[in-house]
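Proteins come first, then strands; the chains are lettered A, B, ... in the order of their sequence lines, and each starts at number 1. Computed from a predicted model, the values in this text were never measured in an experiment.
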Number of protein chains: 12
Amino acid sequence: MRILVVNGPNLNMLGKREPALYGHQTLHDLELKLKEAFALHSFEFFQSNHEGDLISQLQRLPESNEYDAVLINPGGLSHTSVSLRDALSLLSVPKVEVHLSNIHAREEFRHHSITAGACDAVIAGMGLDSYSLGVQAAELIIKKRRESAN
Amino acid sequence: MRILVVNGPNLNMLGKREPALYGHQTLHDLELKLKEAFALHSFEFFQSNHEGDLISQLQRLPESNEYDAVLINPGGLSHTSVSLRDALSLLSVPKVEVHLSNIHAREEFRHHSITAGACDAVIAGMGLDSYSLGVQAAELIIKKRRESAN
Amino acid sequence: MRILVVNGPNLNMLGKREPALYGHQTLHDLELKLKEAFALHSFEFFQSNHEGDLISQLQRLPESNEYDAVLINPGGLSHTSVSLRDALSLLSVPKVEVHLSNIHAREEFRHHSITAGACDAVIAGMGLDSYSLGVQAAELIIKKRRESAN
Amino acid sequence: MRILVVNGPNLNMLGKREPALYGHQTLHDLELKLKEAFALHSFEFFQSNHEGDLISQLQRLPESNEYDAVLINPGGLSHTSVSLRDALSLLSVPKVEVHLSNIHAREEFRHHSITAGACDAVIAGMGLDSYSLGVQAAELIIKKRRESAN
Amino acid sequence: MRILVVNGPNLNMLGKREPALYGHQTLHDLELKLKEAFALHSFEFFQSNHEGDLISQLQRLPESNEYDAVLINPGGLSHTSVSLRDALSLLSVPKVEVHLSNIHAREEFRHHSITAGACDAVIAGMGLDSYSLGVQAAELIIKKRRESAN
Amino acid sequence: MRILVVNGPNLNMLGKREPALYGHQTLHDLELKLKEAFALHSFEFFQSNHEGDLISQLQRLPESNEYDAVLINPGGLSHTSVSLRDALSLLSVPKVEVHLSNIHAREEFRHHSITAGACDAVIAGMGLDSYSLGVQAAELIIKKRRESAN
Amino acid sequence: MRILVVNGPNLNMLGKREPALYGHQTLHDLELKLKEAFALHSFEFFQSNHEGDLISQLQRLPESNEYDAVLINPGGLSHTSVSLRDALSLLSVPKVEVHLSNIHAREEFRHHSITAGACDAVIAGMGLDSYSLGVQAAELIIKKRRESAN
Amino acid sequence: MRILVVNGPNLNMLGKREPALYGHQTLHDLELKLKEAFALHSFEFFQSNHEGDLISQLQRLPESNEYDAVLINPGGLSHTSVSLRDALSLLSVPKVEVHLSNIHAREEFRHHSITAGACDAVIAGMGLDSYSLGVQAAELIIKKRRESAN
Amino acid sequence: MRILVVNGPNLNMLGKREPALYGHQTLHDLELKLKEAFALHSFEFFQSNHEGDLISQLQRLPESNEYDAVLINPGGLSHTSVSLRDALSLLSVPKVEVHLSNIHAREEFRHHSITAGACDAVIAGMGLDSYSLGVQAAELIIKKRRESAN
Amino acid sequence: MRILVVNGPNLNMLGKREPALYGHQTLHDLELKLKEAFALHSFEFFQSNHEGDLISQLQRLPESNEYDAVLINPGGLSHTSVSLRDALSLLSVPKVEVHLSNIHAREEFRHHSITAGACDAVIAGMGLDSYSLGVQAAELIIKKRRESAN
Amino acid sequence: MRILVVNGPNLNMLGKREPALYGHQTLHDLELKLKEAFALHSFEFFQSNHEGDLISQLQRLPESNEYDAVLINPGGLSHTSVSLRDALSLLSVPKVEVHLSNIHAREEFRHHSITAGACDAVIAGMGLDSYSLGVQAAELIIKKRRESAN
Amino acid sequence: MRILVVNGPNLNMLGKREPALYGHQTLHDLELKLKEAFALHSFEFFQSNHEGDLISQLQRLPESNEYDAVLINPGGLSHTSVSLRDALSLLSVPKVEVHLSNIHAREEFRHHSITAGACDAVIAGMGLDSYSLGVQAAELIIKKRRESAN
């Protein structure tokens, strides 16, 4: 399985700020860790602080036919971006939204996710492990689709 | 690891209604499946249509010291029960809220979860697999707590 | 026709309190009256102050195959219970929501019914007669369904 | 019993549009059907697309002393007309609001009825049968008033 | 001064209903009373239950050049009619909105007047005397305009 | 008739600021003008920028038995002061709220008057003439009360 | 193509008021202009200040089979009339809502159009040219429907 | 005086969790303490996590005629339960709502109490002492009622 | 214990208006009654219709070191005064907010208290007895503080 | 006339996804089609998924003096971007906002356009034809400006 | 330059309470510090806990012609006082609103300032330095006005 | 002191548009002016219309260790960007938000700043001088931090 891991604004700061809160692992460490843990899959990590870059990246998927699933952590854009939701809606591969923190337990303006409505599943509050669980979620969705297709 | 799996109103109907939507597996099948998949853990399944029973069940945890984690699918109570949230807040073991469907993509009155704010993590939209991922999430939280305790 | 008549919180108080407002007839009197008025039907009355009991009772319907229709007066739960609405949604028999009083003419927080959205019809403001009209409504729905099935 | 049946905007289209949804019966068919079913009562049907005509028609009631009850289906005006509500408030005969569809299960802006607050009872979701049940509701209200007057 | 007195829905019922609340004077009595009290002015009374008639009547003003001022009691339309507000906005003669009751002390949905924003002055809560005061208000506005024009 | 004319914050600035908008007449000029126009009545003018002073002044009324009516222009306090409303509610003499400008045609936060709900009548938008009309309104309320008392 | 051009409240005032804002062209001038510009089409202009007349006019369409498209400028009713929206929903011919002004740049209560949700397209802010563009829009919708029907 | 002390969800956990916050006293200790402090009264303590049980318990009061007053701490149900409010409304004995914490100083969703509107008095923020003050409040209400009955 | 009893706008009217509702006891009677009932404490009563005076009075407390506790009935200011809340927040002595009536059972705009969030406890609905209970509440808070200080 | 056609996020996907919904024409096809249909005008198409790029592109207009009008389809940014609205406000050339779909008939969060308030006209719901009509709208605005300038 | 520094409720407590938070400097120290720092200007400090005193003080400005600018820290009144805003609106000298804390980072009910809308500039979050910066802001506004006057 | 001055969307247009409103000074002029006025500091100006670029720029700060403070004018993003707020929250250097205009006196959707909650101080309404005052604010914050560190 080839998986695109899309990371929104500020996620490039992982491991570089507030290690007490988020640990010392960077987005790159996470990439290595995922690759090691799921050796049968290939991963491409993409991060941008630009809403537009994230949308463009998602748009490339169907053309390239390179990926079987998308993991996305839209960061702060989860709560405001109708455009990112539209871009996700155009994709037919499994889409899993992941959040490091439990967004339901933070400030009120983070309780509601606009982008989650265009994804298949949501995993929140597990720190970096939200990503590993997200990979498994994607595997399971694909397996289920194949079964129901037969 | 001993895990209590708490299921709210209407989840006893799983596999008995709307098989086209939710498949043919019952809550009991799910229990067997989880036990098989995670042979090293023990599970106790609890289901009730009563908010009060769910609260009482959660309250028993610290006294009995029988469980290491809680998986909870509060069903429709997610969106309305302050009392269930209060009961969850009193527990110190890892708590993972799971939902079969992606609540963010359903009716507006299901977008916001009151109970999720008192849990550690949330997994939604994976059908029955939300539970398996929930078990893994609980394992990871426990592991992380042990590490940070050392 | 076999009809289940489900009554929510406080309806067991009928005829025992505020006779000036609601008359002297109890829920039991109502049951007798309905049985007399509709001698060809059988009725089972169910009342509970527990949201969970009401849900469980509704869930038993398809299994038992004992009832052809449901009359429900959810009382105060009309305005707050997502779980009761979910239980009603799972039923395929005709469902008629009845209210003793005209909920639109009372306090603002009684104007909106969450459960009514999962029923076929709503009758409000007729006192105990709301139930008799509800029975007729159920008869009519069944008749119409049979006609459209042929 | 002499009953005025008031129908608001677009109800003259009954049976002429969307027969799949509302059947082939016109407002005139409904009138005949009601007259047949309730041979002891007399009915006058009134329909207008004008809020003002509906109000004027209601105002004529007390002067003419011709009617013993009002059935009203205000159509789209249910949700917006304070003036129609005011006209209903001035009447002392029994007033029953009827709706073909279950307004609680449609778009959000149809969930709330302003006019219902000035009626005695509400019946919704029974198609044309909402009218027959409405007649019975009116009979029952009148009977009850007579009893309490004695 | 020639004054057009425009009365909205249900005001034709004045004196015919609820005399305990509004007294026994009809709209016609009011007309006579105003003519007697302000013998130097001429009055034309217009009442309609139709929003459209009220608008048409107001539109006729500038063409006919017959009136020097408008008194309007829009009744229930005060709270909902953008179209009536638009018609008032097109007039340059003094416009005084009058209400029999103090709308600020009634139901919440009567606290806000859309049409008042397009009038020069508002008088509420004086019963029929709201009209006499309205006439004086119109006189004063005209006087002030003449002074500032010189 | 003895009338207390209560003026809220900033009304002492009348005629001293923005003459283009409000004219050159001061609150004192207004007092003289009212006394001249209504020679049979006596007036006491009271102005304060203090919510507390306005309340105290109103409280003195029943004890002193000096006044037969109150005219009040609460200024900016109309929109926020629950305490001033409470003070008005305790008075049994006629109370007329007056506003120089048409509050319905200004900023949104001036559309709603909390204090008006505790008055008998409201007059707005007539500039200083709102006061003269207010005096007449008070006369009429008293006259009507006397009539209904007989 | 035969086009019905429906105009709501106050549009009969076009060209007669506020020429500085809306120009000197009347609704009749507009009719002539459209007929000249689109010589191959026939137009019928209908204007009313009555919500009810507008609804009745729209209802006549399918029966008469006289028109191929509807242009509608509901005026102030755009923002409040559920009944007009219902009448539009019953029509299958192309429906284009037009507004002289850009409603999004005016008062807040004009930003939202209830009726537009039942039309195929919306054109706003072009003055009288909104109508010509509306005609072209109708032509295009019809052309597209024919193509997709083949 | 015989007093029923009704305790809602999670109050059975008192003294068993978070002793730093709520002290070491359990609900049973509280019962003993109250009995000792008010030796002339008899107390029955009732606790349930079930909304339905609380309602049923309250309903038993008039029949049994065993209690002279009710103290109720509805816990999280204060903020959501219309049914519990309805049950309280049916009781004529003095009802005092008590809260351990100052609900006005906690999360926003705890600021508003639905059930308090159906009680005579409210005491909040005194920890366990809220109950003792509640007993005194009940004594005072009863005393006052007796006096006004004479 | 020395207690400052702070009373907001209109409370000086106690016993002088609406005796049917509030009894014949004045604020001074209340003072005597409290002094008699709690002979070991000293009381100073302060009342003002001025938000500013109430704030100033509260500010004097720490400097003078004359009082051990504050009872406050902010009247209508409870619902609107951020400044009074700020003044209360600066005090470290026990603060108990008291209300004569049950604010939760009155108009909607009285359901929420801004000032209560800065107090330790709240007592409402007990008439003048709210004050006696408030004194006891203050005693209990002080006692508890001393215990936890040891 | 030289026209800049600005397209927001996801519009580069036109014709590549969901052909059943939007047809097979790409943004490039649209460009060719417009150039053919309006041979006298020159067009430059600009598309970006970046809010920032769209703003920068708009800012270039006055400097370059290359364009006489702007057509803009802001996509999902219509509903959230204050910055894009600010950029549009700085331009003096005619600005026409176009939407492929009728935004008033889609999800609630698409009913309101922030950017439209800074444009001259809006055209929605015509699919790709919204652009052709937009060009004509721009022509008409320019023509009208020239006339009023003379 | 002569500057009036107006301080609202509770600011007289500066330096006397919560020194850990606000430091040990009193309002008087601030006055000395400002006078020292801006030796060329004269300052008058005014503080009151009374909304009315603050308004009266501001009203005195134009008459006395003693001040060239106003610095105002309205404290808690910022968020609620329409009357204070009205008083500020009447002044033509430069007005700068200052806040010790960053109101945007505190409780939600402090995020919005009503009075700021009537000032020229706002400075928040700088502690006592907000005042020094406020003085400079006033200097700059005056300088700019002089330049544009020439 | 080395200061990064971050400017959001449309600020590159300064001095190029609407000189009547904002003067003729460009962002570059502002840079020169600041450098001249504060010769001891170094400044780097950064402007982008891209939310993402602004975030990236802010993220670079801790790594490069090149700046001692940040001045930010987020333009329209102030009111909508959760992501930009998150980026600001990660910085520990002093952050001052500046606005050219008084956002509290403009359209309602500009009254609330999301980003300001993550800054130390806010200065608004001083035109370009908001920046000079912002520099001084940053100096003062740094000075205060040093003092409290000693």
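- Taking non-hydrogen atoms and a 4.5 Å limit, the residue list of residues 134-141 of chain J in contact with chain G, ordered by number, reads J/Gln136, J/Ala137, J/Leu140, J/Ile141.
- Counted within 6.0 Å of CD on G/Glu147, heavy atoms from surrounding residues, nucleotides or ligands total more than 12; the atom is thus considered enclosed.
- Taking 4.0 Å as the cut-off between side-chain N and carboxylate O, J/Lys144 and G/Asp129 count as a salt-bridged pair.
- Among J/His111, J/Glu97, J/His99, the residue with the largest count of heavy-atom pairs under 4.5 Å with chain G is J/His111.
- J/Lys35 pairs by the side-chain hydrogen bond (donor to acceptor under 3.5 Å, both in side chains) definition with J/Glu31, not counting sequence neighbours.
- The candidate with the highest count of non-hydrogen atom pairs below 4.5 Å against chain J, out of G/Ala124, G/Gly127, G/Gly125, is G/Ala124.
- Ring orientation note: the planes of J/His112 and G/His104 are nearly perpendicular, at an angle over 60° on the 30°/60° scale.
- Two residues are said to be in side-chain contact when any heavy atoms from C-beta on lie closer than 4.5 Å; G/Asp120 and J/Asn102 fail this criterion.
- Minimum heavy-atom separation, G/Ala105 to J/Gly117: CB-O, 3.6 Å.
- Remark: J/Ser130 OG to G/Ile123 CD1 distance equals 8.0 Å, nearest 0.5 Å.
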